[in-house]
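One structure below.
All of these numbers come straight from a predicted model, not from anything done at the bench.
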Number of protein chains: 2
Amino acid sequence: MGRPRKLPETEAIDIALRLFWKQGYDRTSVADLSAALGVGPSSLYNAFGSKQELFRRAIEHYAATYTTFIDHALERDLDVEAAVRGLLREATMVYASPDSPPGCAVMQSAGAASPDDSEAAAITLEVKAEVERRLALLIERASESHGTPLSAPPKLLAKYLNGTLRGLSQLVIDGADLEELMAICDVAAGACVAGST
Amino acid sequence: MGRPRKLPETEAIDIALRLFWKQGYDRTSVADLSAALGVGPSSLYNAFGSKQELFRRAIEHYAATYTTFIDHALERDLDVEAAVRGLLREATMVYASPDSPPGCAVMQSAGAASPDDSEAAAITLEVKAEVERRLALLIERASESHGTPLSAPPKLLAKYLNGTLRGLSQLVIDGADLEELMAICDVAAGACVAGST
DNA sequence: ACTTTTTTGTAGTGATAGCTTCAAAACCAT
DNA sequence: ATGGTTTTGAAGCTATCACTACAAAAAAGT
């Protein structure tokens, strides 16, 4: 019924995501957001309720769109080392892509803060846990499917890779070049299988 | 000459460090600092000039005090894998220690921000680069001293470990327990030498 | 045309940010 | 004591924060 929206919701979320991704949650003000969206703050609050809620929607959008590297590895039924190498490389390509802000949006927006003292960190907690779960699933399946001996249990390797992904994001932020990063992905992938290369 | 300081400078820096470490640079206000130090803001500005300068001093203090794990590994002349394992474990113990805020102060205080849009991140850049330089030196010496074949050049492994340390800090923040973290250190250490375990 | 419903732009809310002003206070030297 | 020097505490500065009140604007239903 009423007056139509100036900006479709999905488009607004995408723009907001990129701002949070680039500047972080704390350093992105509602004024920044409404300027980037080209609407007044009242529109923003009418549509999303609060800065926190808009952030939650943005991170949900990110998780659904930019963490598909795990699914890609699952679909291809590779051995453990190849799967991990591919997954890390693909994630790193996203982190270093010129088409989106540098690094991982979950890390960049919520910073290094603990869920206790940052609203944003609490919101990203679930996303990080879900990624780790899917990583464990991937490793377990790849190991069983190819009979590859692992250097540690799947759940632990998933946590290791979770940390590795965060590290890669940080290295991108500090200006590491893509060639170095790809080599680092290979080193990290090698760590997952027992006695390789 | 004049009136004596209520709080010695070194003590003030240590208290400030712990606040920045725990809350992050942005979320730590001058009011927080002056409350923790038990002095008015004018004393703080008289002694340090600005919040930024106090932060710089705090991070210098941290770098000198809490990154000695590299020197410890250098002194003991271990082989590459043992040196890296020990260094990662020691760093993780600091990150998870109940005597200091969780995680790495450089990460926690400057967050995941890029040096371009955060004063704090720019200040920590040099510390991170110095750590990486010393890591490369350690790996090179350990490799030469024991004739261990590396999985990649020392500088690249140093960057890998730099990322790994950041990842470990983040895993601590998200509540990983010490046993898991130690096992992750071992996995990461194994990745540095050619064809181990 | 008129009512209803929703969104919009403008202006402004109290709270808090980093930082400064300035006189009183606390020391040393004479 | 007195004068010189530095630090301290209290109050206040401007700017910005997330957020809201309110009425005009733009659609749909009748």
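- At the heavy-atom level, B:Ser29 lies under 4.0 Å from the strands shown only through sugar-phosphate atoms.
- Distance B:Asp32 CG to C:dG18 C1': 12 Å, rounded to the nearest Å.
- Closest approach of B:Ala158 to B:Ala136, counting heavy atoms only: CB-N, 3.5 Å.
- Residue whose closest nucleotide on DNA chain D sits further toward the 5' end, between A:Ser42 and A:Val30: A:Val30.
- Between the C1' atom of C:dA17 and the OH atom of B:Tyr25 lies a distance of 12 Å, rounded to the nearest Å.
- Contacts of A:Ser34 with the nucleic acid, taken as non-hydrogen atoms under 4.0 Å apart, are absent.
- Residues A:Trp21 and A:Cys104 approach most closely at NE1-C, 3.6 Å, considering heavy atoms.
- As rounded to whole Å, 14 Å separates atom C1' of C:dC19 from atom CG of B:Leu54.
- As a whole-Å value, the separation of B:Glu9 CD from D:dT8 P is 11 Å.
- If you check C:dT21, C:dC28, D:dT7 against the side chain of B:Met1, the one that comes closest is C:dC28.
- Of the possible donor and acceptor atoms, one in the side chain of B:Ser151 sits under 3.5 Å from a partner among the backbone N and O of B:Cys192.
- Between the P atom of C:dG18 and the CZ atom of B:Phe48 lies a distance of 16 Å, rounded to the nearest Å.
- Between B:Pro4 and B:Pro41, the residue anchored closer to the 5' end of DNA chain C is B:Pro41, taking for each the nucleotide with the nearest heavy atom.
- Note: NZ (B:Lys6) to C1' (C:dC27) measures 16 Å, nearest angstrom.
- As a whole-Å value, the separation of A:Arg3 CZ from D:dA24 C1' is 8 Å.
- Residue B:Leu44 contributes atom CG, which lies 14 Å from atom C1' of C:dA17 at whole-angstrom precision.
- Candidate nucleotides D:dC19, D:dA27, C:dG9 were compared by shortest atom distance to the side chain of A:Val39, and C:dG9 ranks first.
- A cation-pi arrangement is not found for A:Lys51 relative to A:Phe20, the charged atom failing to lie both closer than 6.0 Å to the ring centre and inside a 45° cone about the ring normal.
- Note on A:Tyr45: every side-chain N or O is 4.0 Å or more away from OP1 and OP2 of D:dT20.
- Looking at every heavy atom in both residues, B:Asp32 comes nearest to B:Arg27 through OD2-O, 3.6 Å.
- In the set D:dA27, C:dG9, D:dT8, D:dT8 carries the atom at the smallest distance from any side-chain atom of B:Ser43.
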